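Within every chain, numbering begins at 1; the chains are lettered A, B, ... in the order of the sequence lines, protein sequences first and strands thereafter. Quick note: numbers below take in every heavy atom, side chains included, and nothing from hydrogens, waters or symmetry partners. Here the structure is a predicted model, which is why all the values come from computation and not from measurement.
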Amino acid sequence: MKLPRGFYEQSTVEVAKQLLGNYLVRRHPDGDLIGRIVETEAYVGPHDLACHAARGRTKRTEVMFGPAGHAYVYFIYGFYHMLNFVTEAEDYPAAVLIRAVEPIDGVAAMKKRRRSDSLRDLASGPGKLCQAFAIDRSLNGIDLCGDTLWVAERGEAAPKIKSAKRVGVDYAGRWKDKRYRFFVRDSAFVSRG
DNA sequence: CAAGAGATCATCT
DNA sequence: GATGATCTCTTGA
């Protein structure tokens, strides 16, 4: 049911693709929140100029250098949090950004946090998703094999997926055009096309 | 609809 | 002191 650590130890691109269609589960005092993962991006290691770890091991990127299967949560633009899953071997800094989910359970609480009634607007973007799921830096470094935040394995077959360039990484030189963004082909809940 | 600006702060130079 | 793995609102057609 719960994806094991071994899942996250695979190559980052594999993890990013295979996460699609699985269920993000957040245990929260006000009720469990569940969403079907429909969009991800891979940040593949120290050479990837779009990856924060390309600038070395710092306080912020420390978690990415740790073992796979932990959450990397950071704060950006003064407003938003981003949720990532650490992948691959220890000391190899890579992660998958969770960009969008389809709300499945705990929808009322998500609407309240997002101050929106539109189902499609609750978690169709990395910042929105963190707001809807009450994810902030207090979850940075948390073990995805624990009982606060984890991914439940889908029961059905893998969805059809498409790839595209990553968003918001124009500064990343030749890495900016890599097709490291993956999303469920027919989902209405992705952040863009 | 598309494009642009503004919001606001942790992190690194 | 600059900037960013974003979102929302406003503007102008």
Would you mind reading off the distance between [X] atom [atom1] and [N] atom [atom2], rounded to a whole angstrom?
X	N	atom1	atom2	answer
A:Leu49	C:dT3	CG	P	17 Å
A:Leu83	C:dT6	CG	C1'	15 Å
A:Tyr171	B:dT13	OH	P	14 Å
A:Met82	B:dT8	CE	C1'	14 Å
A:Arg181	C:dT6	CZ	P	10 Å
A:His52	C:dT6	NE2	C1'	12 Å
A:Asn140	B:dT11	CG	C1'	13 Å

Determine yes or no for a side-chain-to-main-chain donor-acceptor pair under 3.5 angstrom, with A:Arg26 supplying the side chain and A:Ala134 the backbone. yes
Is A:Trp175 reaching over with its side chain to a backbone N or O of A:His47, donor-acceptor style, under 3.5 angstrom? yes
Counting side-chain heavy atoms from CB outward, which of B:dC12, C:dT6, B:dA10 is closest to A:Lys59?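 Of all the options, the side chain of A:Lys59 is nearest to B:dC12.
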Side-chain contact check for A:Thr58: nearest option of C:dT6, B:dC12, C:dT8 is B:dC12
Nucleotide paired to B:dT13 in any strand shown, Watson-Crick or G-U, under 3.5 Å: none
Does the structure show a Watson-Crick or G-U wobble partner for B:dA5, both distances under 3.5 Å? Name it, or say none. C:dT8
Are A:Tyr72 and A:Asn140 close enough that some pair of their side-chain heavy atoms sits under 4.5 Å apart?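 Yes - at least one pair of side-chain heavy atoms lies under 4.5 Å apart.
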Determine whether A:Phe133 and A:Val101 make a side-chain contact, defined as any pair of heavy atoms from C-beta on separated by less than 4.5 Å. yes
Do A:Thr12 and A:Tyr43 pass the side chain to side chain contact (heavy atoms under 4.5 Å, CB included) test, and can you show the C-alpha distance, the side-chain angles, and the key distance before you say yes or no? CA-CA 7 Å; A:Thr12 306; A:Tyr43 290 85; 5.8 Å; no
Name every residue in residues 94-123 of chain A that has at least one heavy atom under 4.0 Å from any atom of DNA chain B, in order of residue number, or write none if there are no such residues.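 Listed by number, there are none.
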Contact residues, residues 61-81 of chain A to DNA chain B [heavy atom, < 4.0 Å]: A:Phe75, A:Tyr77, A:Gly78, A:Phe79
Check this for me: does any side-chain nitrogen of one of [X] and [Y] sit under 4.0 Å from a carboxylate oxygen of the other?
X	Y	result
A:Arg114	A:Asp121	yes
A:Glu41	A:Arg99	yes
A:Asp30	A:Lys112	no

Where is the tightest heavy-atom contact between A:Cys145 and A:Pro4, given as atom of each residue plus distance?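 Taking A:Cys145 first and A:Pro4 second, the nearest heavy atoms are SG-C, 4.3 Å.
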State whether A:Phe189 and A:Arg36 meet the cation-pi test: NZ (Lys) or CZ (Arg) under 6.0 Å from the six-membered ring centroid, and within 45° of the perpendicular axis.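 Relative to the ring axis of A:Phe189, which defines the angle, A:Arg36 lies outside at least one limit.
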Which part of the nucleic acid does A:Arg60 contact within heavy-atom distance under 4.0 Å: base, sugar-phosphate only, or nothing?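 Contact class for A:Arg60: sugar-phosphate only.
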Under 4.0 angstrom, heavy atoms only, what part of the nucleic acid is A:Arg55 near: base, sugar-phosphate, or nothing? nothing
Is A:Ile161 reachable from A:Val44 through a run of hydrophobic residues whose side-chain heavy atoms are each under 4.5 Å from the next? yes
Given the options A:Arg166, A:Arg185, A:Arg181, A:Glu39 meets salt bridge (Lys or Arg N to Asp or Glu O under 4.0 Å) only with A:Arg181
Protein proximity profile, nucleotides 1-6 of chain B - base contact B, sugar-phosphate-only contact S, no contact -, cut-off 4.0 Å on heavy atoms: ------
